[in-house]
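Read the structure below first, then the notes.
Numbered from 1 within each chain, the chains take letters A, B, ... in sequence-line order.
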Amino acid sequence: MFDFLRDRGSTAEEKRLEALSAYLDNALTPAERTRFEGQLERDSDLRAELERMRLLKLQMRAMPRRRVPRSFALDPALYGRPKAQPMMQLYPVLRGATALTALVFVFTLALGLFGGQSAGVGSPAPAISMSQAVEEEAAPAEMAEAAGGAAPMAAPETASSERAQPTAMAESPQFAQEVLTDTLPIESAAPVEGTPLPDNGAAVAAVPETDLAQEATVTIEPTAAKDEAVAETAAEPVVSSAVETEEEAGPAISNTTTTSSSILGPIQIAAGIVFILFLILWLVARRRIRNN
Amino acid sequence: MNEESLVQQAQQGDIVAFNRLVVQYQEMVFNVAYRIMGDPAIAEDVAQETFITAYQSLRTFRGGSFKSWLIRVATNRCYDELRRHKRRPQTSLDEIMDENESFAFLRSPGEGPEAHQQRVELALAIERCLKALPDDQRIVTVLGDVEGYDYQEIATITRVSLGTVKSRISRARAKLRDCLQHIGGELLPSAYRLESRGT
């Protein structure tokens, strides 16, 4: 590889001897050979040197070969089977494992990269989904207002009251029965409002159904006003439970993203470490095989 | 049975097949080790280690010339041994003469005692000059001039470039020439003397 450096360090005499040796061993290219033969014709010293080298080579080649002092045949009792060389047997496995772990490592890195991007985009999602949920909750109420009747309002309210069922049912078996019968006129919603609040147990006064409808309609507009209005109504636990449910869903989404990213980190580190280990083992095995 | 099938059987753990290869190549391996190491006892150890290593590493042999592969194993063992010893046996010519009673085998049927003595002296002089060479130059000279490998084969065996092989061989020959001219002036018979430059 660095022959040009060696050539630069050689003296003219060394180059001349090198060409002479190569000529003697028939290792010159045709062009070099022609050039060297031209030099031989002109230079009698070079011819004499060539003869000396030729004689030396003959003498070296004619050196007597020594007889072997003993047989070097291997003892079958000791070497019946080639000694297992785990490195050599493991070499293809190590090579494959290194490639595979490299792939996994790159994949997890890429996953982390794109996962990070998608998490950044998805972070506002809980807020959006919450407001959407409120809007969705409010939509039937708007429809009810447009229709001028309070009857449709009962549907979301009933749905909400179903969520409050476990506590409400404990104190109001009558309500449970009404829900089960699935015939839910507006009048039947009254007991829902009339049921005691599960949290503090304080009794809440029953609100007329028309008031309820109006108040529920108000809750649709600004969030703060909605909250105030909802706080005033007897349906407060119903609405707030719905909002709370949505709020619970929001963190659940962000928790999923956080969990996946927190799992991905250790996987990336583990894949990186395993990849480096396999790489080192593979290089060691390759070195040993080449040395043999 | 040809060499290729012997190698294949040996690769499958057939020690008998491998030993047939040993018998075929043990003289070559021992002589290469002897020329490189310059000591028959060390050469014996190196040769034995070479065959053990070769048998254990036979699975890594991917075809081609088994002889060249074996020489490569032997050369690697020699390098290891040279590194381990880091000293060359400092044996005088007389000591070599004394311990080499085996040179008697050099005697040819029609050769007289005087001719035989001259051949022995030349062989010993070359051995002595070979020992004086640096390790790298001695190895390429043994492989090239004694064993007859070409430059490309030597480059493969020693894992150096072709240019390095050329350079090492040429420098080694120049040193050998000077060494033999010096010894020849004192010891060698005229028939074996390398004439001085320019004469």
Side-chain angles (χ1 to χ4, degrees), chain A residues 1-7 9-10 13-22 24-28 44-45 48-49 51-53 55-85 88-89 91 288-292, chain B residues 11 13 15-16 18-19 22-23 26-31 34-35 40 43-44 47-48 50-53 55-60 73 76 102-103 105-106 119-120 122-123 126-127 141 144-146 148 150-151 161-164 166-167 169-171 173-174 176-177 180 192 194-195 197-199:
Chain A
M1 183 188 273
F2 297 108
D3 285 350
F4 67 96
L5 288 176
R6 181 178 51 77
D7 289 344
S10 304
E13 175 64 14
E14 283 171 340
K15 284 180 184 172
R16 186 169 154 272
L17 276 174
E18 209 170 295
L20 196 148
S21 268
L24 200 60
D25 295 326
N26 204 19
L28 289 177
S44 59
D45 282 351
E49 184 66 26
E51 280 312 304
R52 278 191 290 274
M53 288 295 183
L55 182 59
L56 174 66
K57 192 181 171 186
L58 284 173
Q59 287 171 345
M60 297 276 287
R61 195 81 180 92
M63 275 182 77
R65 296 185 78 81
R66 290 182 68 98
R67 291 196 193 105
V68 288
R70 61 182 175 84
S71 169
F72 295 112
L74 303 186
D75 183 359
L78 286 174
Y79 301 98
R81 284 271 155 196
K83 198 171 155 187
Q85 297 206 335
M88 287 174 190
Q89 288 168 354
Y91 181 72
R288 286 195 182 177
I289 285 171
R290 287 192 175 180
N291 282 343
N292 286 322
Chain B
Q11 281 179 320
I15 189 78
V16 177
F18 183 77
N19 278 339
V22 171
V23 171
Q26 61 183 359
E27 189 182 296
M28 177 199 72
V29 168
F30 173 73
N31 273 281
Y34 172 67
R35 303 289 178 216
E44 197 178 322
Q48 187 65 80
T50 297
F51 287 115
I52 293 169
T53 307
Y55 184 62
Q56 289 174 341
S57 312
L58 207 53
R59 287 172 198 277
T60 62
V73 176
N76 285 340
S102 57
F103 272 111
F105 73 87
L106 280 175
R119 283 184 63 208
V120 168
L122 175 66
I126 292 174
E127 278 190 9
T141 305
D145 286 346
V146 181
D150 64 31
Y151 286 10
S161 71
L162 206 59
T164 304
K166 277 185 188 178
S167 168
I169 282 191
S170 131
R171 289 178 189 191
R173 279 179 181 159
L176 281 172
R177 176 202 62 200
L180 285 172
Y192 294 97
L194 293 171
E195 289 175 10
R197 201 187 299 190
T199 57

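Nearest heavy atom pair, residue A/Arg66 against residue B/Asn31, reads N-OD1, 2.7 Å. Pairing each heavy atom of A/Gln59 with each of B/Leu122, the nearest pair is CG-CD2, 3.9 Å. The minimum heavy-atom distance between B/Thr141 and A/Met60, with the atom names listed, is CG2-CE, 3.2 Å.
Looking only at heavy-atom pairs under 4.5 Å with chain A, the residue among B/Ile52, B/Val16, B/Val29 that has the most is B/Ile52.
Residues A/Leu20 and B/Arg173 are not in side-chain contact: their nearest non-hydrogen atoms beyond the backbone lie 4.5 Å or more apart. Taking 4.5 Å as the limit, some side-chain heavy atom of A/Ser21 sits within range of a side-chain heavy atom of B/Tyr151. Between A/Glu49 and B/Arg177, some side-chain heavy-atom pair lies under the 4.5 Å cut-off. Within the 4.5 Å cutoff, the side chain of B/Asp150 has no heavy atoms near those of the A/Asp25 side chain. A heavy-atom distance below 4.5 Å is found between the side chains of B/Gln48 and A/Leu74.
Exactly one of B/Thr50, B/Val23, B/Val22 qualifies for a side chain to side chain contact (heavy atoms under 4.5 Å, CB included) with A/Phe72. That residue is B/Val22.
Here CZ of A/Arg65 is found 11.0 Å from CZ of B/Phe30. Values are rounded to the nearest 0.5 Å. Note that the CG atom of A/Leu17 and the CD1 atom of B/Ile169 stand 13.0 Å from one another [nearest 0.5 Å].
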Review point. Are B/Ser170 and A/Glu14 close enough, and set up right, to give a side chain to side chain contact (heavy atoms under 4.5 Å, CB included), and what steps lead you there?
Key: CA-CA 8 Å; B/Ser170 131; A/Glu14 283 171 340; 5.9 Å; no

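No donor-acceptor distance shorter than 3.5 angstrom exists from the side chain of B/Asp145 to the backbone of A/Lys57, with no hydrogens or angles considered. Side chain of B/Tyr55 to main chain of A/Tyr79: a donor-acceptor pair is present (N/O by atom type, distance under 3.5 Å, no hydrogens or angles).
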